[in-house]
Structure formats: structure tokens, C-alpha cells
Amino acid sequence: MADGTMTATFLAVTGGASLLAVTARRLRPSGRLPSLEGWALADRSLGPVWTWFLLGGTIFTAYTFTAVPGLAYGNGAAAFFAVPYTVIVSPLAFVLLSRLWTVARAHGYITVADFVRGRYGSPPLALVVALTGILATMPYLALQLLGIRAVLTAGGVYPRGAAGDLVMVALFAGLAVATYRHGLRAPTVISALKAVAVFVSLTAVTWLVLERLGGPGAVFDGAARRLGGDALALTPAQQPAYATLALGSALALMMYPHVLTAGFAADGPRTLRKVAVALPAWTGLLALFGVLGFAALAAGVRAPEGGAEAAVPMLVDRLMPGPLAGLVFGGITVGALVPAAVMSIAAATSFVRNVYVEYVHPTATPKRQVRIAKAVSLIAKAGAVAFVFGLRDQDAINLQLLGGVWILQIFPAVAVGLFTGRLHPRALLAGWGVGMAAGTYLVVREGFSSIVGFGSGPLEIYAGLAALLLNLIVAVAGTAVLERLGVPRGADLTDLPSRLTVRRRPETGANQQ
């Protein structure tokens, strides 16, 4: 059971997040009429600091902060693929997000599928991009709840049975109400609390854990004894899997709707470039969480079978004073609320813009679009809660692994499309279909492992990257065939790849926050 001081600190952090969410409307209030851009993107008004809070808080989820140390606890060095993966994200964000923002602002695009629709003049291609994003986002949203439950259970804050379920529902209900009312502004203000709580608590926890266990040398020696000495370094056979998983995960992350939504909310490409340069600070945080996975091994923590993600919360509960443990648990819980809110907003916006308006109600007013998006965001959160309570944890993890493979298959249409319009939309659709089928087959064939073997060696690589390669081959070959046959393509409305100029709004003090 949790002691009183830990529970009080935990409640103070989560309660503070709720109070901040209520004040979200004060974040650059706008006198404009209700619009989807205002609700989903905070009127594209976030300056560098707010964007850094939101983008970092969206990319680095609560499940990341429990799964990476859990993988280190169970498998050793292979877990640290997440560190180069998130380092690779920074230059990708520097190039892709800033260019996407420029195109989106110039043409009023709110989702990445809007860009694909304008770039290729192909409603079917835009539709599959939107649906792929929604499909990949839903299990990711459910994983945020699993992260909360794992942390609170390990800390003794999550009651057994129906009472624990009510705690989960209450936490998510507060988030749902704030997001419904204020849109992206709600997770933006909460992301500031998340950053402060997680950075402060993790720094303190790492220092205290290393001091109590005898320093870094003792931690790595203890972990080596528990895992076996070879587990703390990659073998030559593991290196291709490690490298392709890091690269493929980085490419996939930049295609997720919640990451792109957070990027589109910035006030300009210069802000996004500044934020991309500063994102590695979050990577350092992730590396420390991975080291705590080794510390849990050295401290003799016994995580439950199949529940390695509970190792670090159990370590914190065992070694830390109550207030600090409560701060950690509260920070990780708030850390789940930020990406969960952005994911639900992104999924709802994609549905409204690229399904509802495109195929159901083309003349929907801006006010009606916002109303539908709010309702869909609530449904997405309720679906995530039902998913967590109705299915096994492993089911959500398996679907999230597939989601990473799936979302990577829109990379040619989106990222390649930013720099060349040569690929034919029908060829891109064919490549997407081949990539989706091949990626799903490979992951399921390996028993829901994203690392697949090829050859008699075997050579092990990331399934998503292998599927993406097939996708690109089909797209390029298909384009050549369709061009030879003279099959027309849709009109390009984006003015790319020529240089774009966008009228910048005047810089204000609020924009410079």
C-alpha cells in the first residue's frame, strides 16, 4: 500500500494538472469564431517554449518511460535503441515539420491527409493516409492508459478491482472534459507541468538511486550479474536489428497524426526548427529511465512475470521517500495525459476533415466541424478505456507494434511528396497496399515481433523498414509504368517543390514565450 505522503503528492500533481487544464482557455485567447483550426491547432499560435513542451510531451509518452526501462530490465542493451531513435527524430523534425508547416499554413491544411489531397489531387490516397493514421493511433492511445495502470499498481496507488477502474476513468474524464472544451490548449498547458515534474523527479531519483546502490559501476555490475555479462552490449548479430529498429521507428514517429498536430500548432517554421534543436533534452531523460531499468536489476527488484514495465515504479517505491515517489508517479501519470489528449484530437480532426467533410457532409460549417470533432475525440477516449478494460494488455501492445509498421507506409506519400511530386498517386496507393500487407504478414508470422529474420543466418531487421522498402519499389515501378501508359494524375495545388513564401504574422510577446 502507498503511504500517505506519497498519495498526497501524487494527488497534488494530478490535481494541479486538472487545474491547469481548466485555465487552458487563457493560453493566447482568440476572439475568432469557432473553427477546427482554433480547436485542434490552438490557432497555430504556440511559440518556441510552448511548442517544446507540447511536442516533447507528445513524443515522449508515459508508456515510453516505462517500456524502455522495462526492456532494459528484461533484455539489456537492446532497449537503448530508443536513444538513437529519438536523436534521429530531431533532424527529421527540423526538415520535415518546418516544411510541412509552411505548406499547411499557406493552403489552410489542418491534417497531413489534407496535404496529400492537395499534393496529388487524389481523394482515395488522402483517405487511406487519414485512416492509416487513425488506425495506428488508437492502440497507441490505449497504451497510455496501460502506462498509467502499470505505474500506479506498482506504487500501490491503484486499488484492486472496480475501485481501480474508477480511478482510471476519473483521471481520463477530467482530461476528456478539458480537451472537449479547449482543444489542443488543454494538453499544451498540462505539458508544462509534465516537463517540470518529470525532469525534476527523474534527476532526483537517478541521483539518489546511484548513491544508494554505490554509483554507476555498481549498477552496471549488478545488472550484468542478473542478466549475464553479454546482455549489456550488442552482439554483431543484434546490430542490424538495433539500427533498423532505430531508423524505422524514427521515420514512423514523424508520420503519427499526434506528432504532426503538435507541430502544426507552432507559430512558424522558425519556431519548429528551434524546438527540433532542443528536443534531445527529452532524449537525455529517456536514457536516464533506461539506466534505471539496470538499477532495478542491481537492486534485486522482482517484476511480475510479463510485467517488466513495472520494474522502475517498483524501484522508486522501494528506495525513494514518499513525497519523491509520489512526484514520480504523478509526473508519469500526467505524462500519459498529454499524448493521450493530443492523440484523441488528432484522430478526431483527421476523421472530420478527411472522412466526414470529404465524403459525408462537404458543406459542413466550421462550427459543425468543431462539434463533430469534439464528439469524436470523446469517443476515441472512451474506446481506449474500453479497450484497456476489455482486452489483455498484450493485445494493445501487439496492435501498437503493428501500428508502427502501418504508419510507416504513408511515408512515401507524405515525406517523399514534400520534395518531389513525380510519384503517381495510383502507384503510391499500390505501394501502400503492398507495404501494409507485407508488414502485417511479417509481424504476425513472427508471433507479433517487429524484428523479423531473413535468410539462413538469419539477418534480423525491423519489419516496418522491410515493408517500406517494398512499398517504395512498387511506388517507383508503378509510376514508371503508369507514365508510359499515359495515365493522368490529379492536379497539384501545393506549389511544391518550388520555394514557398508565407506572410509571417507579427511577433508578439506571447509568441516568444
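A quick note: this is a predicted structure, and the numbers were derived from the prediction, not measured.
How far CG of Leu54 is from OG1 of Thr188: 4.0 Å, rounded to the nearest 0.5 Å. In this structure, CG in Leu286 is found 6.0 Å from CZ in Phe60, a value given to the nearest 0.5 Å. Here the CG atom belonging to Leu327 is positioned 12.0 Å from the OG1 atom belonging to Thr5, to the nearest 0.5 angstrom. Rounded to the nearest 0.5 Å, atoms CG (Asn471) and CG (Leu465) are 11.5 Å apart. The CG atom of Leu131 sits 11.0 Å away from atom CD1 of Ile410, with the distance rounded to the nearest 0.5 Å. From Ile134, atom CD1 reaches atom CG of Leu141 across 12.5 Å, with rounding to the nearest 0.5 Å.
The shortest side-chain heavy-atom distance between Leu97 and Leu55 falls under the 4.5 Å cut-off. Side-chain contact between Leu245 and Ser450 is present, with at least one heavy-atom pair separated by less than 4.5 Å. Leu260 is not listed as a side-chain neighbour of Trp101, based on a closest heavy-atom distance of 4.5 Å or more. At a threshold of 4.5 Å between non-hydrogen side-chain atoms, the residues Phe115 and Val129 do not count as touching. The side-chain heavy atoms of His258 and Tyr140, taken from C-beta on, include a pair separated by under 4.5 Å. In this structure the side chain of Thr363 never reaches within 4.5 angstrom of the side chain of Arg368, judged on heavy atoms. In this structure the side chain of Phe94 reaches within 4.5 angstrom of the side chain of Val277, judged on heavy atoms. No side-chain heavy atom of Thr283 sits less than 4.5 Å from a side-chain heavy atom of Ser90.
Nearest heavy atoms, Pro412 versus Leu472: CG-CD2, 3.6 Å. Residues Met255 and Ala415 approach most closely at CE-CB, 4.3 Å, considering heavy atoms. Smallest separation of non-hydrogen atoms from Phe419 and Arg99: CE2-CD, 3.7 Å. When all heavy atoms of Arg185 and Ser45 are compared, the closest pair comes out as NH2-OG, 4.5 Å. The two residues Ala250 and Ile88 have their closest heavy-atom pair at CB-CG2, 3.6 Å. A pairwise comparison of heavy atoms in Trp282 and Lys194 identifies CZ3-CE, 4.3 Å as the closest pair.
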* Derivation of the side-chain contact (heavy atoms from CB on, under 4.5 Å) call for Leu143 and Thr61 -> CA-CA 9 Å; Leu143 281 186; Thr61 68; over 6 Å; no
* Step-by-step side-chain contact (heavy atoms from CB on, under 4.5 Å) determination, Leu288 to Val205 -> CA-CA 10 Å; Leu288 288 180; Val205 165; over 6 Å; no
* Asked: Where do Val13 and Thr333 land on the side-chain contact (heavy atoms from CB on, under 4.5 Å) test, with the steps shown first?
  -> CA-CA 9 Å; Val13 174; Thr333 300; over 6 Å; no
* **Residues Thr132, Trp432; criterion side-chain hydrogen bond (donor to acceptor under 3.5 Å, both in side chains); working and verdict** => CA-CA 10 Å; Thr132 303; Trp432 170 85; 3.1 Å; yes
* To do: Would you sort out whether Thr111 and Phe351 count as a side-chain contact (heavy atoms from CB on, under 4.5 Å), showing the intermediate values?
  => CA-CA 10 Å; Thr111 70; Phe351 174 81; over 6 Å; no
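With hydrogens and angles disregarded, a donor-acceptor distance shorter than 3.5 Å links the side chain of Arg489 to the backbone of Leu423. Under a 3.5 Å cut-off, the side chain of Ser98 and the backbone N or O of Val95 do form a donor-acceptor pair. Trp39 places no side-chain N or O within 3.5 Å of a backbone atom of Leu184 that could act as its donor or acceptor partner. A donor-acceptor contact shorter than 3.5 Å links the side chain of Thr244 to the backbone of Tyr462. Between the side chain of Arg105 and the backbone N or O of Leu100, no donor-acceptor pair lies under 3.5 Å. With Arg44 contributing its side chain and Ala265 its backbone, the two residues share no donor-acceptor pair below 3.5 Å. Without hydrogens or angle criteria, Thr51 side chain to Leu46 main chain gives a donor-acceptor distance under 3.5 Å. Between the side chain of Thr271 and the backbone N or O of Asp267, no donor-acceptor pair lies under 3.5 Å. Side chain of Tyr85 to main chain of Ala243: no donor-acceptor pair is present (N/O by atom type, distance under 3.5 Å, no hydrogens or angles). Remark: the backbone N or O of Val416 is not paired with any side-chain donor or acceptor of Thr420 at under 3.5 angstrom.
If you check the side chains of Asp492 and Thr494, you find a donor sitting under 3.5 Å from an acceptor.
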Under 3.5 Å donor-acceptor pairs involving side-chain atoms of residues 377-390, not counting sequence neighbours:
| from | atom 1 | to | atom 2 | distance (Å) |
| --- | --- | --- | --- | --- |
| Ser377 | OG | Lys374 | O | 2.7 |
| Lys381 | NZ | Ser344 | OG | 2.8 |

Going by atom type alone, with no hydrogens or angles, which donor-acceptor pairs under 3.5 Å involve a side-chain atom of residues 424-431 and a protein atom two or more places apart or on another chain?
| from | atom 1 | to | atom 2 | distance (Å) |
| --- | --- | --- | --- | --- |
| His424 | ND1 | Arg426 | N | 3.1 |
| His424 | NE2 | Val487 | O | 3.2 |
| His424 | NE2 | Pro488 | O | 3.3 |

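The list of salt bridge (Lys or Arg N to Asp or Glu O under 4.0 Å) pairs with a residue in residues 346-360, not counting sequence neighbours, reads Asp114-Arg353, Arg117-Glu358.
Ring pair His107/Tyr109 is parallel by interplanar angle, where below 30° counts as parallel and above 60° as perpendicular.
Just one residue in the list Leu337, Ile345, Thr261 forms a side-chain contact (heavy atoms from CB on, under 4.5 Å) with Pro187, and that residue is Ile345.
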